Amino acid sequence: MDLLSALSLGELALSFSRVPLFPVFDLSYFIVSILYLKYEPGAVELSRRHPVASWLCAMLHCFGSYILADLLLGEPLIDYFSNNSSVLLASAIWYLIFFCPLDLFYKCVCFLPVKLIFVAMKEVVRVRKIAVGIHHAHHHYHHGWFVMIATGWVKGSGVTLMSNVEQLLRGVWKPETNEILHMSFPTKASLYGAVLFTLQQTRWLPISKASLIFIFTMFMVSCKVFLTATHSHGSPFDVLEGYMCPMLFGEGCGDDHHDNHGSQGTSHGDSQGALHSPLPSKSKEELSEGSRKKKSKKVD
Amino acid sequence: MESPWDELTLAFSRTSMFPFFDIAHYLVSLMAMKRQPGAVTVAWKNPFSSWFTAMLHCFGGGILSCILLAEPPVRFLANNTNILLASSIWYIIFFCPCDLVCQAYSFLPVQLLAAGMKEVTRTWKIVGGVTHANSYYKNGWIVMIAIGWARGAGGTIITNFEQLIKGTWKPEADEWLKMSYPSKVTLLGSVMFTFQHTKHLAISKHNLMFFYTVFLVATKITMMLTETSTVSFAPFEDALGRMLFGCHQRFSPRVKKNETKSNGTGSSTSKPTADASDKLKKKHSKKTE
């Protein structure tokens with residue numbers, strides 16, 4: 001009985017990981033991405049005055065992850081634009097969201113239950129993109145752990161990592177705001193997901209790819225739907241980070257900035273730990289380093 | 001009747017750009033660069049920086065298309081003769097005794113000739129970009145349009161970016177986003193050549209090149225003679241904009257009010273009404289002028 005349920009679960013995961021993304025899931029990905037563009041201050045005004053710039057922004061929001069990943073792996077930046085149907089679909093959605101008479105489309109999409117469905121479907125695409133990105137990077141660099149993590153991360157978090165460029169396109173130039181300084185939940189989650197998928201790809205994680213995709217998708221969907229439904233900007237990682245950061249990086253990282261660096265460092269530490277030595281010794285080392293730092297601080 | 005015409009356009013489309021048209025292109029680009037405030041002092045103080053900017057001005061479009069297609073961006077340096085040509089023109093323009101070249105250039109017919117010849121190079125660049133992109137992506141007509149546009153008018157993006165990094169220029173919303181006349185024309189040409197290439201436009205390539213070049217040169221010269229910077233597209237664009245994006249604006253005040261009631265994003269949605277009324281005001285003031 002137990003075996004049977006496990007088998008069916010595995011089959012479910014396998015069939016889930018083979019669902020084609022193109023029309024429906026991609027559609028919801030585009031809708032949610034362009035919706036976020038419309039939420040940006042000044043975006044509507046921009047679309048009236050400079051439709052071309054607004055369209056380019058929308059394309060960056062939809063395909064930013066591909067562009068960044070292509071940039072990192074030295075492939076043509078414009079590669080994804082050869083998928084005519086995707087670009088046309090995204091353009092149509094951009095047009096509908098910004099210029100639909102009476103703003104009907106926007107209102108329909110913004111209706112919370114509908115939006116929750118789209119958000120959930122977007123997370124499905126995100127996880128799939130991370131997996132594909134890591135597979136792609138693995139194809140280029142068989143032992144390039146960091147390459148795989150970086151590619152997966154970039155694929156998952158998309159345009160938020162190039163927000164400065166995207167703002168520049170909208171005529172806003174604020175180099176002091178940066179996604180890396182204030183990582184949002186999707187960015188962090190993509191980073192962790194990229195680490196997990198990398199571990200799976202290099203066979204350190206004894207789990208099949210399909211089930212990892214399934215589990216991680218469930219996690220992302222539930223988190224993101226919960227966050228969207230409650231309109232909160234926090235993240236489930238806050239508790240964990242609040243616990244880990246003082247341990248790894250000493251005290252005084254209560255504020256947001258340090259926190260984020262902490263999370264990044266942790267994940268890299270994880271992967272390194274798995275690469276060279278079992279994890280506990282690594283964290284012990286870091287722990288002792290932390291205590292040393294504390295001591296030196298006291299001496300100061 | 002048919003064959004001499006075809007022969008003419010065919011011969012025209014086979015004209016080599018190399019010595020004369022390229023010289024005109026470098027001349028016009030570098031004179032535009034010299035007109036920018038501070039360019040001359042930079043050239044005296046830091047010649048290498050000025051030279052680099054000059055190269056970006058001359059080869060910017062090619063660099064942008066190389067970046068987009070993941071080719072080495074410094075490929076333009078491999079073309080030694082063109083680099084030497086552009087460098088010598090840069091040297092003559094900035095360091096010629098008594099500013100002879102500038103004085104000669106300020107003579108209007110010379111300017112017209114150079115500008116006309118520069119527009120010819122634009123056609124050739126667009127065609128080159130479209131065919132080059134087609135060799136990578138057979139069906140990617142969006143890519144073809146983008147690369148054609150980048151080759152033809154992408155130089156301004158590269159030079160703006162260079163200025164941004166130098167810190168001499170901050171993106172003001174309007175200056176950066178407003179598409180200049182050359183970039184609009186290039187976009188149009190790029191679309192046309194792409195459709196010609198994918199056989200959606202039933203016209204032979206050399207004919208299209210000829211007509212497009214004539215159109216470019218004619219508009220450029222009329223623009224220079226009448227000293228206007230935006231012509232020919234304005235009414236057409238207005239109509240198109242009203243058709244595609246404008247039907248919304250009539251409804252906008254009512255809609256936006258509803259929206260601000262229904263959800264909390266009032267700050268972002270209340271702007272367009274102000275914007276639309278601003279535009280109306282502007283139009284009115286223009287009319288009264």
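First the proteins, then the strands, lettered A, B, ... as listed; each starts at 1. What you see is a predicted model; the values in this text were computed from it and never measured. Heavy atoms only: backbone and side chains are in, while hydrogens, waters and symmetry mates are out.
A:His135 NE2: 12 or fewer foreign heavy atoms inside a 6.0 Å radius. Enclosure of atom CZ in A:Phe226 is not indicated, since only 12 or fewer non-hydrogen atoms of other residues, nucleotides or ligands lie within 6.0 angstrom. Annotation: A:Lys224, atom NZ; neighbour count of heavy atoms from other residues, nucleotides and ligands within 6.0 Å is above 12. Counting heavy-atom neighbours within 6.0 Å of B:Asn46 CG, excluding the residue itself, gives a total above 12.
Note that OG of A:Ser91 and CD1 of B:Ile142 are 6.5 Å apart. Values are rounded to the nearest 0.5 Å. We find the CZ-CD1 distance between A:Phe81 and B:Ile145 to be 12.0 Å, quoted to the nearest 0.5 Å. In this structure, CD in A:Glu75 is found 12.5 Å from CG in B:Leu69, a value given to the nearest 0.5 Å.
For the options A:Asn84, A:Leu88, A:Leu77, A:Val87, heavy-atom pairs under 4.5 Å to chain B are most numerous at A:Asn84. Ranked by heavy-atom pairs under 4.5 Å with chain A, the list B:Ala133, B:Gly140, B:Ala70 is led by B:Ala70.
Using modelled atom types and a 3.5 Å distance limit, the side chains of B:Tyr137 and A:Asp79 yield a donor-acceptor pair.
For B:Ile67, the parts lying under 4.5 angstrom from a heavy atom of chain A are both the backbone and the side chain.
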